[in-house]
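Keep in mind that this is a model prediction, so the values were computed, not measured. Residues: numbered from 1 along the sequence shown. First listed ligand is number 1; within each ligand, the first listed atom is number 1.
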Amino acid sequence: MALIVQKYGGTSVGSPERIKNVAKRVARWKAKGHDVVVVVSAMSGETNRLIALAKEIQAQPDPREMDVMVSTGEQVTIALLSMALLEIGVSARSYTGGQVRILTDNAYTKARILSIDEHNMRADLKAGRVVVVAGFQGVDDAGNITTLGRGGSDTTGVALAAALKADECQIYTDVDGVYTTDPRIVPEARRLKTVTFEEMLEMASLGSKVLQIRSVEFAGKYKVRLRVLSSFEEEGEGTLITFEEDKDMEKAVISGIAFNRDEAKITVLGVPDRPGIAYQILGPIGDANIDVDMIVQNVGHDGLTDFSFTVHRNDYQKALNVLKPVLEHTKARGIQSGDKIAKVSVVGVGMRSHAGIASTMFRTLAEEGINIEMISTSEIKVSVVIDEKYTELAVRVLHKAFGLDQAA
Ligand code: ADP
Ligand code: ASP
Ligand code: MG
């Protein structure tokens, strides 16, 4: 007998029919003698609907009230799933994040989990009940409702699995595992049987939204056995996130290709090329709580240089405002900026032992006439910034160039 935490995403609980199917699957696991804790998201589209509603009232909704509201999506699905379980004779009880006491900090809309009280859940499991917990939400120490950021139910699932020392955390979604790239963009993408935790962390942080990045961080920290599976298939092994490298020699050097369109690029033109200039530009950006991702400083000419960096699109306008006085201090020539960019990345632990990944990537993009605007690398990834309009083309040609397409 094992203790399993199962998380079902929005599409998987998107209608009463689908909720009934989830209940049947949970019942099957229960019938095999396992203890089951289920985490659910809001019905698909519901969180977006609620956010849009808030924006009709306040252009910049108050974060505390936003969390009071968006957390209601998951409160509906825990009750419906518990009803569906009761209806088929499975004893079950629902819990909001606050009722479990998933304690978080008070950073509304992006709170972090600090601790989880397992007491109530353990008592229910002991009494033979299925425990159904609302994903995405918690409570701070003053009793305020908080939420964990978009896609946060994944993190609730993994955090509960860590707290309960579950044998496995299963993330049920609308694809049957983690693919070499988003299968919606590249139909030839293949499901990975395993992916290392390190690779998954890179893929999630570089834009593969199949798992929220914090859920992967949690799984790594607490060594949670994590699996991604389809909620629409009866059987299937999905993708297991492993802590060891696959020693299969035939395995491709690159495991996956990630992309995102969440960033904007800012170039400060003609700044004096002298010590301290990066700090003069990025200091105020950091002070304004804006995260910077990629940074490029060009070789100087005649004592002047150009300095480029990327920020999240949500922070783009704010960053431009912060830079206005900086332009005056530094006597820079001006600013060039745009948010129509995409970041495309190739990820794989095989890069550690294989040379030439970056050159293959650059050649492949050049052959399509795609200009690379920025580059950054780490031990297991190469990322480039390109014009947004070439995103899909770039992902497709790279997928093919690195031998990731499905065998015909
Ligand atoms: P859920 O509502 O179940 O949390 P999400 O929409 O958050 O589901 O995540 C699943 C989606 O992630 C898939 O439908 C797929 O389009 C997208 N996705 C992006 N990159 C990948 C990838 N590498 N492998 C699988 N799915 C991916
Ligand atoms: N319902 C939340 C969202 O749409 C959390 C989740 O689905 O994981 O972001
Ligand atoms: Mg998700």
Side-chain angles (χ1 to χ4, degrees), residues 6-15 18 22 38-52 66-67 69-78 97 109-111 133-138 146-160 169-195 199-216 227-232 236 238-239 241 254-262 344-348 391-392 395 398-399 404 406:
Q6 301 187 330
K7 176 259 169 176
Y8 292 90
T11 327
S12 311
V13 294
S15 67
R18 288 184 175 173
V22 168
V38 187
V39 173
V40 283
S41 296
M43 293 168 107
S44 53
E46 179 63 4
T47 308
N48 287 345
R49 188 185 73 85
L50 292 169
I51 292 172
M66 187 69 149
D67 278 357
M69 187 192 55
V70 287
S71 60
T72 60
E74 275 74 8
Q75 193 166 332
V76 170
T77 47
I78 51 170
T109 76
K110 47 176 186 284
V133 180
F136 180 54
Q137 54 178 260
T146 55
T147 65
L148 310 177
R150 297 307 305 269
S153 300
D154 295 335
T155 302
T156 306
V158 179
L160 287 180
C169 178
Q170 303 173 338
I171 306 284
Y172 286 94
T173 182
D174 55 2
V175 275
D176 63 348
V178 178
Y179 276 62
T180 46
T181 193
D182 189 340
R184 283 190 217 192
I185 303 293
V186 182
E188 292 80 16
R190 281 180 299 114
R191 176 175 62 87
L192 298 164
K193 280 195 173 139
T194 62
V195 60
E199 288 168 323
M200 195 63 239
L201 199 58
E202 285 283 8
M203 282 171 72
S205 76
L206 294 168
S208 304
K209 294 190 173 111
V210 60
L211 286 176
Q212 196 202 33
I213 179 160
R214 282 192 193 158
S215 72
V216 188
R227 196 185 284 279
V228 177
L229 302 139
S230 165
S231 65
F232 299 113
T239 301
I241 320 298
I254 297 303
S255 295
I257 298 178
F259 57 92
N260 78 45
R261 299 176 176 103
D262 301 338
V344 178
S345 312
V346 299
V347 177
T391 316
E392 299 188 2
V395 174
L398 291 171
H399 196 264
L404 297 175
Q406 201 123 274

Run the side-chain hydrogen bond (donor to acceptor under 3.5 Å, both in side chains) test on Asp67 and Thr147 for me, step by step, so that the C-alpha distance in whole Å, both residues' side-chain angles and the decisive distance to 0.1 Å come before the verdict. CA-CA 6 Å; Asp67 278 357; Thr147 65; 2.7 Å; yes
Not counting sequence neighbours, which residues clear ring-ring contact (aromatic ring centres under 6.0 Å, His included) with Tyr179? List them please. none
Roughly how far, to the nearest 0.5 Å, is the OG1 atom of Thr77 from the CZ atom of Phe136? 11.5 Å
Amino acids in close contact with ligand 1, where any non-hydrogen atom sits under 4.0 angstrom away: Lys7, Gly9, Gly10, Thr173, Asp174, Val175, Gly177, Val178, Tyr179, Thr181, Asp182, Pro183, Arg184, Met203, Ser208, Lys209, Val210
Contact check, side chains of Leu160 and Thr156, non-hydrogen atoms, under 4.5 Å: yes
State, without any angle test, whether Ser255 and Glu199 hold a side-chain donor-acceptor pair at a distance under 3.5 Å. yes
Taken in chain and number order and not counting sequence neighbours, the residues that satisfy salt bridge (charged side-chain N to carboxylate O under 4.0 Å, His left out) with Arg214 are none
Answer yes when Asp154 and Lys209 have at least one side-chain N-carboxylate O distance shorter than 4.0 Å, and no when they do not. no
How about Ser231 and Ser12: does a side-chain donor come under 3.5 Å of a side-chain acceptor? yes
Charged N to carboxylate O below 4.0 Å: is that the case for Glu392 and Arg261? yes
Present, as a list of atom pairs with distances to 0.1 Å, all nitrogen or oxygen contacts under 3.5 Å between ligand 2 and the protein.
from     : atom 1 : to     : atom 2 : distance (Å)
ligand 2 : 1 (N)  : Thr47  : OG1    : 2.8
ligand 2 : 1 (N)  : Glu74  : OE2    : 2.7
ligand 2 : 4 (O)  : Thr47  : OG1    : 3.3
ligand 2 : 4 (O)  : Arg150 : NH2    : 2.9
ligand 2 : 7 (O)  : Ser41  : OG     : 3.1
ligand 2 : 8 (O)  : Gly152 : N      : 3.4
ligand 2 : 8 (O)  : Ser153 : N      : 3.0
ligand 2 : 8 (O)  : Ser153 : OG     : 3.1
ligand 2 : 9 (O)  : Arg150 : NE     : 2.7
ligand 2 : 9 (O)  : Gly151 : N      : 2.9

